[in-house]
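Presented below is the structure to which this report refers.
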Amino acid sequence: MNEEIKAELLPSFEHFIDKGWYVLGDQVKQFEKDYADFCTTKHTVGVANGLDALIIALKTLNIGPGDEVIVPSNTYIASWLAVSYVGATPIPVEPRIDTYNINPNLIEAAITSKTKAIMPVHLYGQCCEMEAIMNIALKHHLFVVEDNAQSQGATYNGQITGSFGHINGTSFYPGKNLGAYGDAGAITTNDEQLYHRANVIRNYGSQKKYYNEIKGINSRLDELQAGFLSIKLNHLNKWSKQRNHIASLYNQMLHGVGDVVTPELANGATSVYHLYVIRTNKRDELQQYLNTHELGTLIHYPLPPHLQEAYQELGYQKGDFPLAETIADTCLSLPLFPGLTDGQVEQVCNTIKQFYHG
Ligand SMILES: *Cc1c(COP(=O)(O)O)cnc(C)c1O
């Protein structure tokens with residue numbers, strides 16, 4: 001994949017060296033425009049990474065100490081950390097076991113007088129059930145902040161991720177579907193005022209140099225990464241199609257194999273398959289078996305946030321969020337990346353069949 005676009009990336013690198021402008025220059029502006037167009041939003045603000053994107057989004061909404069933000073119980077810890085970093089409290093809501101995404105039917109029961117926002121996470125590449133989530137937010141006057149780190153290009157009822165919430169964060173960490181060559185992230189919004197605030201917060205709270213309107217932070221997207229990202233963005237839809245093709249092969253070939261449960265899409269949702277996550281009660285043995293056949297797999301994620309040492313303060317126990325715990329104990333991410341061949345997918349599936357049926 002890198003070979004394929006290397007020839008396109010090198011001129012961008014040369015432009016960068018010649019120009020000698022390293023932060024908040026024309027390549028960042030161009031990428032912000034390109035990514036906003038991709039997400040069908042009015043604005044994008046490039047930032048240093050995905051966690052910062054979520055933190056700045058929450059700060060932009062003035063969410064802070066005493067406030068609660070609803071998050072999935074089974075997400076990557078960054079979603080929770082963003083809430084904690086602004087001083088608010090993450091309130092976990094369980095996912096649907098078939099789609100792995102937050103269950104909209106359970107959200108209302110978690111809303112209190114302190115709730116300020118819902119943070120849906122489009123986990124493993126699938127867009128959450130955004131119509132139901134937006135309706136709940138509207139009814140209870142809550143903000144929605146999408147965590148779109150894993151799902152650039154996925155849709156619900158034809159609308160693209162990063163365009164539903166009031167202000168949303170995404171990550172261009174190298175391992176994400178749209179990966180930079182280092183850390184990078186972005187915020188998307190349709191709201192003019194939120195855009196202005198986010199834009200200022202990422203640059204020390206300053207628009208006019210040395211005059212600070214807000215206590216901001218330093219979280220800028222750098223020119224080099226922005227230039228690379230604009231180029232890679234042109235390939236993203238093609239890569240997402242390849243990911244969907246690989247996922248459909250897995251779905252077909254793993255159907256009815258042992259106790260393997262393949263991932264489901266919610267009605268109206270599409271996925272860009274950041275990950276292809278199956279479940280099995282023999283997860284550790286299967287992973288070991290695949291390992292001995294030189295097939296690398298990963299676990300996303302082995303321990304849910306509520307059971308992490310970092311979140312002891314919230315006082316949760318094992319059993320408090322059983323679906324998140326079940327997913328953590330049974331999930332396995334199979335190899336999936338653009339460039340993986342049909343033959344390689346078949347080899348993975350055959351090895352899994354061997355594991356169950358000898
Ligand atoms: C990767 C990720 C983040 C954080 O992005 P970074 O760029 O690594 O800071 C946030 N949320 C989710 C769901 C992620 O997968």
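Each ligand, and each atom within it, is numbered from 1 in the order the structure gives.
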Quiz prompt | Residue list, side chain to side chain contact (heavy atoms under 4.5 Å, CB included) with L314, at least two apart or on another chain | solution = W80, T89, P90, Y311, Y316
Protein heavy atom at shortest distance from [atom]:
atom                    : answer
atom 2 (C) of ligand 1  : K176 NZ, 2.8 Å
atom 9 (O) of ligand 1  : L51 N, 2.8 Å
atom 10 (C) of ligand 1 : A78 CB, 3.3 Å
atom 13 (C) of ligand 1 : D147 OD2, 3.4 Å

Quiz item: Around E14, counting heavy atoms of other residues, nucleotides and ligands shown, do more than 12 lie under 6.0 Å from its CD?
Solution: no
Self-check item: More than 12 heavy atoms from other groups under 6.0 Å of OH on Y356
Solution: yes
Self-check item: Aromatic ring proximity, centroids under 6.0 angstrom, Y181 and F13
Solution: no
Quiz item: For ligand 1, which atoms, with element, lie under 4.0 Å from some heavy atom of V121?
Solution: 13 (C)
Quiz prompt | Atoms of ligand 1 close to A149 [distance to a heavy atom under 4.0 angstrom, numbered from 1] | solution = 2 (C), 3 (C), 10 (C), 11 (N), 12 (C), 14 (C), 15 (O)
Exercise. May I ask you to test the C331-I299 pair for a side-chain heavy-atom distance under 4.5 Å?
Key: yes
Practice problem: Taking the side chain as every heavy atom from C-beta outward, state whether T60 and T189 have any atom pair closer than 4.5 Å. | Solution: no
Self-check item: Residues that F16 engages under ring pair (Phe, Tyr, Trp, His ring centres under 6.0 Å), provided they are two or more places apart
Solution: Y22
Quiz item: Does ligand 1 have an atom that lies less than 4.0 angstrom from a heavy atom of H274?
Solution: no
Practice problem: Give yes if a backbone or side-chain nitrogen or oxygen of Q150 is under 3.5 Å from a nitrogen or oxygen of ligand 1, and no if not. | Solution: yes
Practice problem: Please indicate whether any nitrogen or oxygen in S171 is less than 3.5 Å from any nitrogen or oxygen in ligand 1. | Solution: yes
Exercise. Specify side chain, backbone, both or neither for L123, according to which of its non-hydrogen atoms lie closer than 4.0 Å to ligand 1.
Key: neither
